[in-house]
Amino acid sequence: MAGNANNDGGGGTTAAAPLAQLYGGTNIGSLRGAAGYHNGVPASPTVFSFNNTVTNDRSTSAVAFAPFDDGRIQITDLFATGVNANRVALANGTIGDPHYTLTSVPSGANGNVRVGRGSGVPGAWIGDMTTSAWIGSNDSTNFNSPPGQYTAQTTFTIGTEADLSSVEIYGSWAVDNGGLDILLNGNSLVTSGDITGGEISSGFGSFTNFSFGPGVSFFQYGTNTLSFMWTNSGTSNNPGGLRVGYLVGSYLELQPIPEPHSIALFSVALIGVFGVVWTTRRRRRA
């Protein structure tokens, strides 16, 4: 849980991703404030940020609630868009994303990924954060790209110790212009009805949170693919891109099943105990 307040400011304050906003207000007495929460993440330092339309003094407070440890194992190779191996945003104009590739672009579009931040992206897009950046087709320095359907894909790994029915994924995304689908190993999570909260991104001005699992049947051991599909509207080149604000996942370990020989040894031992008791009783009767 985190909150922010602008001292005697005009305008408004909103919670930025990865926070899911609980409250965003423009008049709390003489203050303007916002609050949000962030769940489903590994235990690690997390930076929370807020957007405000004034430059007055600000104060931020946060409190973390540690849930009971249910033994979940974190998936460590899930990444937001536009970050390096340390999950720090890449520089504006970087060509290529180490974790995402464009697997489908419309005719005339460049298939290479371009990373965008700051002045390198349209001003209406979600602003800079250190934990994610925009990606899109490398057609121009301002992300102008051909209209049509785009797909960006990332991969992650599930260990063989996992109970596949327990896997959970949480994330947030934004697109220009509209989200179409999220696919897990080529399977539509929208069509299957397995996704919750934001299968269709709300656009480029704010993040849409989503989650899927447990109980999704499309997870597999080893490498898994996650694909984000969106459309760039219009009839000529115009700004288009994808932003995954955060992406985290975890699973429970399979419970070991006793091996057959262990069960057999236990049975023999149990028979032996009953045999001793029965023999003792017979001797006493004699």
Side-chain angles (χ1 to χ4, degrees), residues 15 17-22 36-42 67 70-81 99-106 126 132 135 148-233 240-255:
L19 287 171
Q21 184 163 301
L22 288 172
Y37 68 91
H38 188 201
N39 62 5
V41 296
D70 61 356
R72 298 192 72 85
I73 298 171
Q74 300 299 321
I75 299 173
T76 59
D77 55 352
L78 282 167
F79 292 85
T81 52
H99 310 110
Y100 287 79
T101 59
L102 288 174
T103 58
S104 176
V105 298
I126 298 172
S132 69
I135 65 170
Q149 181 176 306
Y150 293 78
T151 302
Q153 180 176 285
T154 187
T155 62
F156 62 95
T157 309
I158 296 178
T160 55
E161 77 282 5
D163 176 355
L164 292 180
S165 67
S166 72
V167 182
E168 295 179 332
I169 303 288
Y170 294 85
S172 68
W173 67 320
V175 294
D176 188 344
N177 289 97
L180 297 176
D181 204 347
I182 298 177
L183 282 68
L184 174 60
N185 293 321
N187 300 283
S188 168
L189 293 173
V190 172
T191 301
S192 68
D194 287 313
I195 199 165
T196 301
E199 61 270 23
I200 304 301
S201 172
S202 60
F204 49 81
S206 63
F207 284 105
T208 299
N209 297 322
F210 65 86
S211 64
F212 52 95
V216 177
S217 61
F218 305 134
F219 288 110
Q220 62 189 27
Y221 292 116
T223 301
N224 289 255
T225 62
L226 193 61
S227 302
F228 296 87
M229 299 175 60
W230 76 97
T231 183
N232 187 24
S233 302
L242 166 72
R243 179 88 168 264
V244 177
Y246 72 96
L247 194 61
V248 296
S250 64
Y251 56 81
L252 292 172
E253 192 171 7
L254 278 171
Q255 295 300 311

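Residues take their numbers from the sequence shown, with the count starting at 1.
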Rounded distance (nearest 0.5 Å) linking atom [atom1] of [X] with atom [atom2] of [Y]:
X	Y	atom1	atom2	value
L242	D176	CG	CG	11.0 Å
I169	I75	CD1	CD1	4.0 Å
L183	S188	CG	OG	5.5 Å

Check your understanding: When you check the side-chain N and O atoms of E161 and Y251, is any donor under 3.5 Å from an acceptor?
Key -> yes

Can you name the nearest heavy-atom pair linking [X] to [Y], along with the distance?
X	Y	value
N177	S233	OD1-N, 2.7 Å
A174	S206	CB-O, 3.5 Å
S165	P214	O-CB, 3.1 Å
A152	I135	CB-CD1, 4.4 Å

Is [Y] close to [X] at the side-chain level, that is, under 4.5 Å between some pair of heavy atoms?
X	Y	answer
I158	V167	yes
L184	V216	yes
F204	V175	no
L180	Q149	yes
F212	Y170	no
I182	M229	no
S192	F218	yes
Y150	S104	no

Check your understanding: Can you check side chain to side chain contact (heavy atoms under 4.5 Å, CB included) on S132 and R243, steps first, answer last?
Key -> CA-CA 7 Å; S132 69; R243 179 88 168 264; 2.8 Å; yes

Taking [Y]'s backbone N and O only, do any of them form a donor-acceptor pair with [X]'s side chain (distance below 3.5 Å, no angle check)?
X	Y	result
S166	D163	yes
T81	V244	yes
Y221	A162	yes
S172	N209	no
N224	G222	yes

Check your understanding: What pairs with S217 under side-chain hydrogen bond (donor to acceptor under 3.5 Å, both in side chains), at least two apart in sequence or on another chain?
Key -> none

Practice item. Under the side-chain hydrogen bond (donor to acceptor under 3.5 Å, both in side chains) rule, collect the residues that match up with N187, sequence neighbours excluded. Key: none

Practice item. Indicate the ring-plane relationship of F79 and H99, choosing parallel, tilted or perpendicular according to the 30° and 60° boundaries. Key: parallel

Point to revise | Geometric class of the W173/F210 ring pair [parallel <30°, tilted 30-60°, perpendicular >60°] | key: perpendicular

Practice item. For the pair V105 and T151, evaluate side chain to side chain contact (heavy atoms under 4.5 Å, CB included) and give the outcome as yes or no after the intermediate values. Key: CA-CA 7 Å; V105 298; T151 302; over 6 Å; no

Review point. Can a salt bridge be assigned to the pair R72 and E253 using a cut-off of 4.0 Å between side-chain N and carboxylate O?
Key: no

Point to revise | Identified side-chain contact (heavy atoms from CB on, under 4.5 Å) partner of F156 from the options L247, T223, D77 | key: D77

Point to revise | T225: side chain to side chain contact (heavy atoms under 4.5 Å, CB included) partners, not counting sequence neighbours | key: Q153, T155, N185

